[in-house]
J.: 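Here you go, one structure.
Heavy atoms only: backbone and side chains are in, while hydrogens, waters and symmetry mates are out. One-based numbering along the sequence shown. Counting starts at 1 for both ligands and their atoms, in listed order.
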Amino acid sequence: MSETLENLLKETRQFPPPAALAAEANVKADAYAEADADRLAFWERQARRLAWAQDWEQVLDWSNPPFAKWFVGGRLNVAYNCLDRHVEAGLGDRVAIHWEGEPGDTRTITYADLHRMTCQAANALTGLGVTAGDRVAIYLPMIPEAAVAMLACARIGATHSVVFGGFSADALSSRIADASAKVVITADGGFRRGKPSALKPTVDEAVSRSGSVEHVLVVRRTGEEVAWSDRDHWWHETVEQASPEHTAEPFDAEHPLFILYTSGTTAKPKGILHTTGGYLTQTAYTAHAVFDLKPETDVYWCTADIGWVTGHSYIVYGPLANGATQVMYEGTPDTPHKGRVWEIVDRYGVTILYTAPTLIRTMMKWGEDIPAGFDLSSLRLLGSVGEPINPEAWMWYRQHVGRGELPIVDTWWQTETGAIMISPLPGVTATKPGSAMTPLPGISADVVDDQGQSVPNGGGGYLVLREPWPSMLRTIWGDDNRFVETYWSRFDGMYFAGDGAKKDADGHVWLLGRVDDVMLVSGHNISTTEVESALVSHPSVAEAAVVGATDPTTGQAIVAFAIPRGTADVSGDAGEALIADLRNHVAKTLGPIAKPRQIMLVAELPKTRSGKIMRRLLRDVAENRSLGDVTTLQDSSVMELISSGMKGGKSEDE
Ligand code: ATP
Ligand code: MG
C-alpha cells in the first residue's frame, strides 16, 4: 500500500441506543471525557474494580518502549478475582456456567462449584510438580474443564497455552515445543457434528515429538477407548480426588498469565504473551462497559471457542471477573439442526449474545425462517467480533435476531490487544452498520497515512494505537525482536495493528481488512472489505471474499468469490446473469474502479478454524499458483472445489 486507502462505501443509516438501555447503562458518555482528562488515572480506577493483595506503586512504566509494565509492584491472583471473591461475597449459589454438550447433555455450575473444581485442579497440578512460571498446554473441547484448567493455572501462577481442539498434531506439537510445556491437559475427545471426535491420539503423537512434556491429564468426555502410558492421568482419578482446599497466592501484576498463538490468517502463528494485572483490568472493564453486563440479571453467551483470544477474554476472564452468568456450548451451530444457536438462546433466556460475522453470514445463507422459529425476546444486546461485519450482515443481525431494535456492538481487537479496543458503548453510541465507531475510553487509536500522519475525516490508511493500554501484549514468546519488528517498527512510537481502516465524515472508524490484502487497481488502493460489503448488499449474496490478482493492464484486478443466499437461483444461465448483475451492482455501489474482473459463485469459502476468510489462498487460485500453506484451514476440500471451478473458467453450479 503506497498511499492511503480509498474510501468508497457510503453508509447513511444510524441507530441511537434504546432509551431504556441508555438510562440504565453501566457506562455513560462522561467516561470519554473522564479518560481524556487523565488516561492513567482512568485505568487506575478500572483496576480498582479488582481485588489486589498489594497496591501498585506506578500505574505504567513506559521507560523502555515497547516493553510496558502496568500496575508496577501490584500483586493479585486472577482466579481469586474470578471466583473466591464472589463466593466470599455470598454469591456461591449464582450460576457461573450453563453448559450444554452437543448431544444435549447439560451441566449447571455455580460459582461455588467452579471455585471447588478450580481448587482441586490447582492442587492436582501442584501434585504433578507444576510450579509458578511453568507452562501448561491445554487442548480441550468446549467443556467446563477447559475454563477450570485455565483458572487452575492462573491460580498457581503457571502460564497456560490453550491450543484450539481442532488443530493437528503438527500444530499442537510446535506450540508445545515453542513454550516448552511441562503438562498437557486434554480429553479423550469431544462431540462435534453429531459424533465423538478424538483428541487424545493427537496429543499422544504431539507429545511423542516434544521432549518437554512430563504429564498428560485426561478428562473423560466421550468414553471412547484411548491408548494409555505412564505419563497419563485421568482427570477424575486425580483432580476430582484432590483436596478442594486451596489458598490462592498473589502474583506480580506482570507475572505471565498466558501465551496464545494468533490464528494464523496471514503468517506463522506468533506466541502472544499476556500478563496478569493489566490484562484482567481491561478484560473486566470492557465486559462491564461494552456488554453492559449486569451480573444479577443477565445471561451472557459468547459463541467463540476457548482456543481463541475471544474465549480467553470474554468467556473466562472478563465475564467471571464480573461475576456473570453465562452459557457455554460444546458443539457446532447446525447439529442436530440449523436452529441450535437460537434454541439455546431460547432455552436459557440469553440476554447478551457475542458472536462472529462468519456465523451471522452463515445464518443469512440458511435463511431468516430459522431464527424466526424461536423465542429470542430475552435478548437485549448483540455483539460481533473477528472480522469486519458487512453492513448488510449487520442489518440482518439487527433485524432477524435483534427484532429491529437491539444495539449491536461491533468490537475491534486482536489477540495482541488482549481486550476490546474500538467499539460502540451500547448506552451511548448511535451505531452505524459496519462501523466499530470509536476507541473505548482510555484507548488511543488512530488511522494514519504512509508517513504516520493522522488522516483527515473521509480518509483511509493504517490503523495504529498511539498509547500503551493495560491488556497489551508484552512480547512474542521467546522472540522480542519479532515483537519489535512486527508491531513497533512500521511507525515511530506507534503500535501497528496490520489492519486497514478509514475515518468517515464524522470521524468514526471503519475497519477495512488486513493491510496485506489491500488491492492496488490502476493506482487505487482498494480494500477487500468494501468490495465484499458491496457484494453482500446484493439480495442474492450471503457471503463474499475478494482478492487482487495480477493483471497486465491494471496492475491488480479484483477477483471475487461469492456464496449465494439459499433462495437464489444460480444454475446455468441464471448463474451467468447473476454474475453480470453482481459486477454492475458493485460498480454502481462503489464506482467503476471497484468493478470485479471476475466473479465465481461458490458454495463455501476457505476459512481459518476460527471462521475467518483466508484470502491469501484465494489469491493463489486467482493467479493460478499452487496453494500456499493450508494447515490452518478449516476444511481443505473447499480449496479443491474452488480451484477446479476456477480452472474450468466458469462459475460453479450448485
Ligand atoms: P494472524 O495474526 O495470525 O494472521 P488473526 O489476525 O486472524 O491471525 P486474531 O488476533 O484472532 O488473529 O484476529 C484479530 C484480527 O481480526 C484483527 O487484526 C482484524 O483483522 C480482525 N478483526 C477482529 N475484530 C474485528 C472487527 N470488529 N472488525 C474488523 N476486523 C476485525
Ligand atoms: Mg493478526
J.: Is any N or O atom of Gly386, backbone or side chain, closer than 3.5 Å to an N or O atom of ligand 1?
T.: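 Yes, since at least one N or O of Gly386 sits under 3.5 Å from an N or O of ligand 1.
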J.: What I want to find out is whether Glu623 reaches Arg616 closely enough, with some N-O distance under 4.0 Å, to be called a salt bridge.
T.: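 The answer is no: the pair does not qualify as a salt bridge.
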J.: With Asp504, which residues qualify under side chain to side chain donor-acceptor pair (under 3.5 Å), at least two apart?
T.: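 Side chain to side chain donor-acceptor pair (under 3.5 Å) list for Asp504, sorted by chain: Lys432, Trp510.
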J.: Tell me the salt bridge (Lys or Arg N to Asp or Glu O under 4.0 Å) pairs involving residues 277-291, sequence neighbours left out?
T.: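 Those involving residues 277-291 do not exist here.
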J.: If the contact criterion is a heavy-atom separation under 4.0 Å, does Tyr261 count as touching ligand 1?
T.: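 Under 4.0 Å: no for Tyr261.
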J.: Can you list the atoms of ligand 1 that are under 4.0 Å from a heavy atom of Arg514?
T.: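 So the answer, numbered in order with elements, is 4 (O), 5 (P), 6 (O), 7 (O), 15 (C), 16 (O), 20 (O).
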J.: Strictly below 4.0 Å, N to O, side chains only: are Arg490 and Glu485 in salt-bridge contact?
T.: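 Between Glu485 and Arg490 there is no salt bridge, as every charged N stays at least 4.0 Å from the carboxylate O atoms.
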J.: Using heavy atoms and a 4.0 Å limit, tell me yes or no: is Thr411 in contact with ligand 1?
T.: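 Thr411: in contact with ligand 1 (<4.0 Å).
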J.: Using distance alone, determine whether Lys612 and ligand 1 share an N or O pair under 3.5 Å.
T.: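 N/O-N/O distance under 3.5 Å: yes.
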J.: Take every heavy atom of Trp412, measure it against each atom of ligand 1, and state whether any distance is under 4.0 Å.
T.: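 Yes, that is the case, since the closest heavy atom of the residue is under 4.0 Å from the ligand.
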J.: Below a 4.0 angstrom heavy-atom separation, can you tell me which part of Thr415, side chain or backbone, both or neither, approaches ligand 1?
T.: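 Near ligand 1, Thr415 shows its backbone as well as its side chain.
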J.: Select one of side chain, backbone, both or neither to describe which atoms of Trp308 lie under 4.0 Å from any atom of ligand 1, heavy atoms only.
T.: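 Neither; no heavy atom under 4.0 Å.
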J.: Could you list the atoms of ligand 1 found under 4.0 angstrom from a heavy atom of Thr262?
T.: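 Listed by number with element: 1 (P), 2 (O), 3 (O), 8 (O).
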J.: Tell me whether the NZ or CZ atom of Arg466 lies within the 45° cone about the ring axis of Tyr495 and under 6.0 Å from its centre.
T.: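 Geometry flag: not set, cation outside 6.0 Å or 45°.
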J.: Are Arg474 and Glu254 ion-paired here, with the side-chain N under 4.0 Å from a carboxylate O?
T.: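 A salt bridge is present here (some side-chain N lies under 4.0 Å from a carboxylate O).
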J.: Can you check which of Leu512, Val515, Asp499 brings a heavy atom nearest to atom 18 (O) of ligand 1?
T.: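 Answer by nearest heavy atom: Asp499.
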J.: Answer yes or no: is there an ion pair linking Arg361 with Glu392, defined by an N-O contact shorter than 4.0 Å?
T.: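 Salt bridge flag = no for Glu392 with Arg361.
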